[in-house]
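In what follows, every heavy atom counts, from backbone to side chain, and hydrogens, waters and symmetry copies are set aside. Here is the naming used below: chain letters follow the sequence lines, and residue numbers restart at 1 for every chain.
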There are 2 protein chains.
Amino acid sequence: MKTMESPTPPILTVDAVLLTLADGTLHAALFKRDAPPFQDQWALPGGYVRVDEDDSAKAAAARVLWQKTGLASPYLEEFGTVSGPARDPRGWSLSVVYYALVPAPLLPPSVALFPVAALPNLPFDHAAIIAGVVARVRSKASYSSLPVYLCPDEFTISELHAVYQAVLDDTLNMANFRRKLEDLEILEEIPGATRASGRNRPAQLYRVARRFKHTLSVRERGL
Amino acid sequence: MKTMESPTPPILTVDAVLLTLADGTLHAALFKRDAPPFQDQWALPGGYVRVDEDDSAKAAAARVLWQKTGLASPYLEEFGTVSGPARDPRGWSLSVVYYALVPAPLLPPSVALFPVAALPNLPFDHAAIIAGVVARVRSKASYSSLPVYLCPDEFTISELHAVYQAVLDDTLNMANFRRKLEDLEILEEIPGATRASGRNRPAQLYRVARRFKHTLSVRERGL
DNA sequence: GGAATAGTGTCTCTAAGACAATATGGA
DNA sequence: TCCATATTGTCTTAGAGACACTATTCC
């Protein structure tokens with residue numbers, strides 16, 4: 001029996017925008033593609049969803065990141081989808097885009113980082129994807145605890161302050177910043193732990209409260 | 001030449017949560033499935049992405065809505081994706097979920113509406129999807145112009161006020177509500193047009209400014 | 001003229017932001 | 001001691017919300 005010719009199915013992939021902070025500005029991690037199309041060009045880490053391995057699209061993105069960086073469970077959020085007949089030369093494709101925020105020290109030195117303001121030419125629609133993710137992250141940073149996921153396990157308020165300023169590309173009043181953090185109730189003091197940075201008073205170290213690990217705290221808004 | 005056996009590809013579908021206002025509360029449009037699985041059960045409108053017809057996943061969702069309701073270009077936004085091996089008995093599937101807001105009068109009477117607080121049993125993960133969308137819409141309504149897309153072309157401030165209250169399930173002070181709308185700058189008076197509703201002063205009619213048709217206006221926020 | 005809803009004016013209070021003062025440990 | 005940064009205190013002001021008032025039309 002001859003089956004009816006069916007059109008080739010859509011390609012289903014995931015892409016991840018891995019953001020970190022280096023030299024005081026946001027950087028994205030890019031990788032050289034090891035297969036066509038666009039072999040050897042810098043591009044976002046991504047790959048096919050594997051029906052036999054991945055329990056969800058998010059799990060596929062986590063797997064890709066783990067394979068490329070060794071990171072086990074970064075902060076990972078869905079950004080949205082991009083799709084259409086023309087974005088991938090292999091055919092009609094849909095990619096679910098995720099973004100991850102990680103502290104730079106956790107990345108292996110082999111990972112190539114590029115300032116988001118000075119990216120190389122990118123294949124597919126990766127440039128637009130990164131622009132969208134950066135805009136989203138900046139927007140969320142202004143009213144949530146997002147940037148704490150760019151900090152290592154322990155950090156001082158001053159360090160976090162610098163991280164916020166780097167992400168938002170703006171200056172923030174220190175006193176008000178501290179109040180904001182108290183409102184979010186996401187941090188907890190590490191008892192007795194301080195960090196000195198010269199001939200001055202050492203700063204209290206903080207960590208993200210366990211119940212907020214890899215979750216987001218958002219300021220209340222109302223109509 | 002014998003090709004290597006490849007695993008069955010993932011299923012790629014779109015689902016749409018069509019919301020409208022009826023009897024003063026949010027309702028979702030559901031349709032009886034006309035094919036297995038779950039034939040004849042109420043479910044969200046949805047379907048396969050058709051590589052040969054659809055220019056994007058969003059276009060696929062628009063097509064599905066058009067086929068089921070005749071609506072040509074409702075307010076339509078991506079909600080996110082759901083995916084996994086178990087959510088669809090046909091196999092590993094990913095569905096891109098969209099939500100649409102439409103004025104009830106534009107829907108053909110054949111469309112079945114259910115209050116979002118009293119839905120029938122739904123197949124797949126459709127109940128969770130609707131719950132997520134409703135939460136998103138409520139959240140956005142509190143700081144944006146989202147609910148205007150539930151209003152017909154012309155409406156009074158009082159009517160829009162009622163719509164906001166229905167969506168948010170809360171009461172809003174009228175004077176402050178008017179100020180908020182002015183801040184959003186999304187509405188424009190229809191010169192000379194008013195609507196009477198009894199033996200009282202008629203209300204000014206408004207419309208969504210053309211530049212905001214099917215776009216969102218959001219209050220500014222800052223850190 | 002009065003009933004009823006449309007639309008405006010104003011007060012209070014919270015909280016965001018600016019600014020200034022104080023605290024503290026190391027050099 | 002004194003320097004530099006950490007941390008806290010306070011003042012001003014914009015805006016959210018509550019409330020009360022005025023406006024206008026139809027009956």
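For A/Ala61, the side-chain contact (heavy atoms from CB on, under 4.5 Å) test picks out A/Val14, A/Leu76, A/Tyr98, with sequence neighbours left out. For B/Thr13, the side-chain contact (heavy atoms from CB on, under 4.5 Å) partners two or more places apart in sequence, or in a different chain, are B/Ile11, B/Asp15, B/Tyr48, B/Ser95.
With hydrogens and angles ignored, no donor-acceptor pair closer than 3.5 Å exists between the side chain of B/Arg179 and the base of C/dG9.
Atoms CZ (B/Phe155) and P (C/dT5) sit 21 Å apart, rounded to a whole Å. If you take CE of A/Met174 and P of C/dA16, they are 17 Å apart, rounded to a whole angstrom. As a whole-Å value, the separation of B/Asp183 CG from D/dA14 P is 15 Å. The distance between atom CZ of A/Arg178 and atom P of C/dG17, rounded to the nearest whole Å, is 17 Å. Residue B/Arg195 contributes atom CZ, which lies 17 Å from atom C1' of D/dC26 at whole-angstrom precision. D/dT7 atom P lies 11 Å from atom CD of A/Glu159, rounded to whole Å. Taking atom CG of residue B/Leu168 and atom C1' of nucleotide D/dG17, one finds them 15 Å apart after rounding to whole Å. When rounded to the nearest whole Å, the span between CG of B/Leu184 and P of D/dA16 equals 10 Å.
For the pair A/Phe212/A/Ser217, a side-chain contact is recorded, criterion being any heavy-atom separation below 4.5 Å from C-beta on.
Within the nucleic acid shown, B/Ser158 comes within 4.0 Å of sugar-phosphate atoms alone, with no base atom in reach, counting heavy atoms only.
Checked against C/dG7, C/dA16, D/dA6, the side chain of B/Ala203 finds its nearest nucleotide in C/dG7.
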I need a per-nucleotide contact map over nucleotides 19-27 of chain C, read 5' to 3'. Cutoff is protein heavy atoms under 4.0 Å; write B for the base, S for backbone only, - otherwise. B---BBBSS
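Applying the salt bridge (Lys or Arg N to Asp or Glu O under 4.0 Å) test to residues at least two apart or on different chains, none of the pairs has a partner in residues 141-151 of chain B.
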Indicate every side-chain donor-acceptor pair of residues 165-173 of chain B with a distance under 3.5 Å to a residue at least two apart or in another chain.
unit_1   : atom_1 : unit_2   : atom_2 : d
B/Gln165 : OE1    : B/His161 : NE2    : 3.4
B/Gln165 : OE1    : B/Leu172 : N      : 2.7
B/Asn173 : OD1    : B/Ala175 : N      : 3.0
B/Asn173 : OD1    : B/Asn176 : N      : 3.0
B/Asn173 : OD1    : B/Asn176 : ND2    : 3.3

Only pairs under 3.5 Å count here: list side-chain donor-acceptor contacts from residues 100-128 of chain B, not counting sequence neighbours, and write none if there are none.
unit_1   : atom_1 : unit_2  : atom_2 : d
B/Asp125 : OD1    : B/Arg87 : NE     : 3.4
B/Asp125 : OD1    : B/Arg87 : NH2    : 3.0
B/Asp125 : OD2    : B/Arg87 : NE     : 2.8
B/His126 : ND1    : B/Leu44 : N      : 3.1

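Ion pairing between B/Lys58 and B/Glu78 fails under the 4.0 Å rule for side-chain N and carboxylate O.
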